[in-house]
Amino acid sequence: MSTTTIIHTKDQWQPYRDKHLKSTDTTLGFVPTMGHLHDGHESLIAKSRQQNTHTIVSIFVNPTQFNSPQDFQHYPKTLDEDVKKLNQWQVDYLFFPEQQELYPGGDQFRLEENTLAQILEGPCRPGHFSGVLTVVLKLLNILKPTRAYFGEKDYQQLHLIKNMVQEFFLPV
Ligand code: PAF
């Protein structure tokens with residue numbers, strides 16, 4: 001059984017990405033996560049593995065989507081167990097960047113959505129969906145997957161991301 005290759009930076013990913021994009025019969029499935037992996041992630045990964053020749057999972061606890069710094073600080077970090085699971089689930093790549101790698105300019109730019117993000121969970125979590133959309137856009141731009149997989153449990157998030165992909169003509 002092959003082990004999951006851990007990638008920390010955009011530059012490290014580049015040669016792998018080139019390899020995948022070069023050949024027309026390889027496809028890359030992407031499952032973004034904040035770690036602390038569970039059965040829900042496993043089912044998204046299984047789907048990605050069924051539908052693609054390769055799968056990459058990201059683990060990044062995204063500071064811009066937390067409403068309170070305490071929640072961000074206390075978010076569970078279980079990298080060792082997560083890596084064991086990724087190996088077991090036969091995931092090809094893990095993207096595990098530092099904050100500086102994804103936010104080199106700090107919190108300088110944000111993607112805002114003015115309709116769907118303002119209803120349901122939006123008003124209780126100001127800035128949350130803007131943080132989610134911003135980090136997902138960055139991850140899609142770096143990793144350039146063929147397909148990306150998001151849980152249906154976070155229904156509002158799922159629709160916002162689908163709309164963003166359409167509105168920004170993202171090739172995923
Ligand atoms: O659903 C999540 O775990 C996060 O919101 C996501 C999509 C990984 C972005 O940080």
Side-chain angles (χ1 to χ4, degrees), residues 1-17 19-20 26-104 106-107 121 124-125 127-162 172:
M1 192 174 76
S2 59
T3 53
T4 305
T5 303
I6 303 180
I7 313 270
H8 293 273
T9 66
K10 299 181 275 296
D11 287 350
Q12 274 175 359
W13 174 242
Q14 189 76 28
Y16 293 99
R17 194 194 66 180
K19 190 174 89 183
H20 290 304
T26 53
T27 57
L28 181 67
F30 171 42
V31 182
T33 81
M34 298 209 297
H36 199 42
L37 301 177
H38 52 67
D39 294 353
H41 296 120
E42 186 181 8
S43 84
L44 294 177
I45 289 167
K47 190 143 208 174
S48 171
R49 291 192 64 245
Q50 258 169 33
Q51 296 181 341
N52 299 282
T53 58
H54 295 77
T55 291
I56 186 164
V57 169
S58 64
I59 295 182
F60 179 69
V61 183
N62 175 34
T64 64
Q65 71 187 76
F66 284 84
N67 295 109
S68 104
Q70 283 86 351
D71 288 354
F72 170 62
Q73 257 151 27
H74 294 126
Y75 195 85
K77 294 177 186 72
T78 54
L79 184 66
D80 290 349
E81 290 100 281
D82 289 347
V83 170
K84 272 187 208 143
K85 287 179 186 169
L86 294 174
N87 277 309
Q88 239 172 41
W89 299 337
Q90 299 182 41
V91 168
D92 303 286
Y93 303 108
L94 165 64
F95 186 54
F96 183 65
E98 296 284 342
Q99 194 168 315
Q100 174 66 16
E101 189 67 18
L102 286 195
Y103 289 97
D107 197 7
E121 228 185 315
C124 317
R125 304 182 74 183
H128 167 71
F129 288 118
S130 160
V132 170
L133 293 174
T134 302
V135 79
V136 171
L137 180 62
K138 285 169 184 267
L139 289 166
L140 292 175
N141 280 335
I142 293 170
L143 301 175
K144 297 194 178 0
T146 319
R147 301 185 180 90
Y149 298 82
F150 295 85
E152 290 178 325
K153 181 173 71 66
D154 297 314
Y155 197 65
Q156 193 173 3
Q157 167 175 289
L158 176 66
H159 280 274
L160 278 161
I161 290 167
K162 279 187 175 173
V172 60

Pairwise salt bridge (Lys or Arg N to Asp or Glu O under 4.0 Å) hits with a residue in residues 34-50, at least two apart: none
Sequence neighbours excluded, every pair satisfying salt bridge (Lys or Arg N to Asp or Glu O under 4.0 Å) that has a member inside residues 85-102: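 Passing the test, one end in residues 85-102: Lys10-Glu101.
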Residues two or more places apart in sequence or in another chain: which of them pass ring-ring contact (aromatic ring centres under 6.0 Å, His included) with [X]?
X	result
Tyr149	none
Tyr93	Trp13, Tyr16, His20
His74	none

His8 side-chain N/O to Pro97 backbone N/O, donor-acceptor pair under 3.5 Å: no
Sole residue of Leu160, Val132, Leu158 in side-chain contact (heavy atoms from CB on, under 4.5 Å) with Phe150: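 That would be Leu158; it is the only one of Leu160, Val132, Leu158 passing the side-chain contact (heavy atoms from CB on, under 4.5 Å) with Phe150.
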Listed by chain and number, what are the side-chain hydrogen bond (donor to acceptor under 3.5 Å, both in side chains) partners of [X], not counting sequence neighbours?
X	value
Ser43	none
Tyr155	His159
Thr55	Ser48
Thr4	Asn87

Once you round to the nearest 0.5 Å, how far does [atom1] of [X] lie from [atom2] of [Y]?
X	Y	atom1	atom2	value
Leu86	Thr33	CG	OG1	7.5 Å
Ile6	Phe96	CD1	CZ	8.0 Å
Leu94	Ile56	CG	CD1	7.5 Å

Exceeds 12 heavy-atom contacts within 6.0 angstrom, atom NE2 of His36: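 Open: at most 12 neighbouring heavy atoms sit under 6.0 Å from NE2 of His36.
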Over 12 foreign heavy atoms within 6.0 Å of NZ, Lys162: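 Count not over threshold, so no.
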Worked check of side-chain contact (heavy atoms from CB on, under 4.5 Å) between Trp89 and Leu37: CA-CA 11 Å; Trp89 299 337; Leu37 301 177; 4.1 Å; yes
Set of salt bridge (charged side-chain N to carboxylate O under 4.0 Å, His left out) partners for Glu121, sequence neighbours left out: Arg125
Partners passing salt bridge (charged side-chain N to carboxylate O under 4.0 Å, His left out) against Asp107 (at least two apart in sequence or in another chain): Arg110
Can you give each donor-acceptor pair under 3.5 Å made by side-chain atoms of residues 139-148, sequence neighbours left out, with the distance rounded to 0.1 Å?
unit_1, atom_1, unit_2, atom_2, d
Asn141, ND2, Leu137, O, 3.4
Lys144, NZ, Asn141, O, 2.8
Thr146, OG1, Leu28, N, 2.7
Thr146, OG1, Leu28, O, 3.4
Arg147, NH1, Gln51, O, 2.7
Arg147, NH1, Asn52, OD1, 2.7

Verdict with supporting geometry, Asn62 and Tyr75, side chain to side chain donor-acceptor pair (under 3.5 Å): CA-CA 10 Å; Asn62 175 34; Tyr75 195 85; over 6 Å; no
side-chain contact (heavy atoms from CB on, under 4.5 Å) evaluation trace for Met34 with Phe66: CA-CA 12 Å; Met34 298 209 297; Phe66 284 84; 3.9 Å; yes
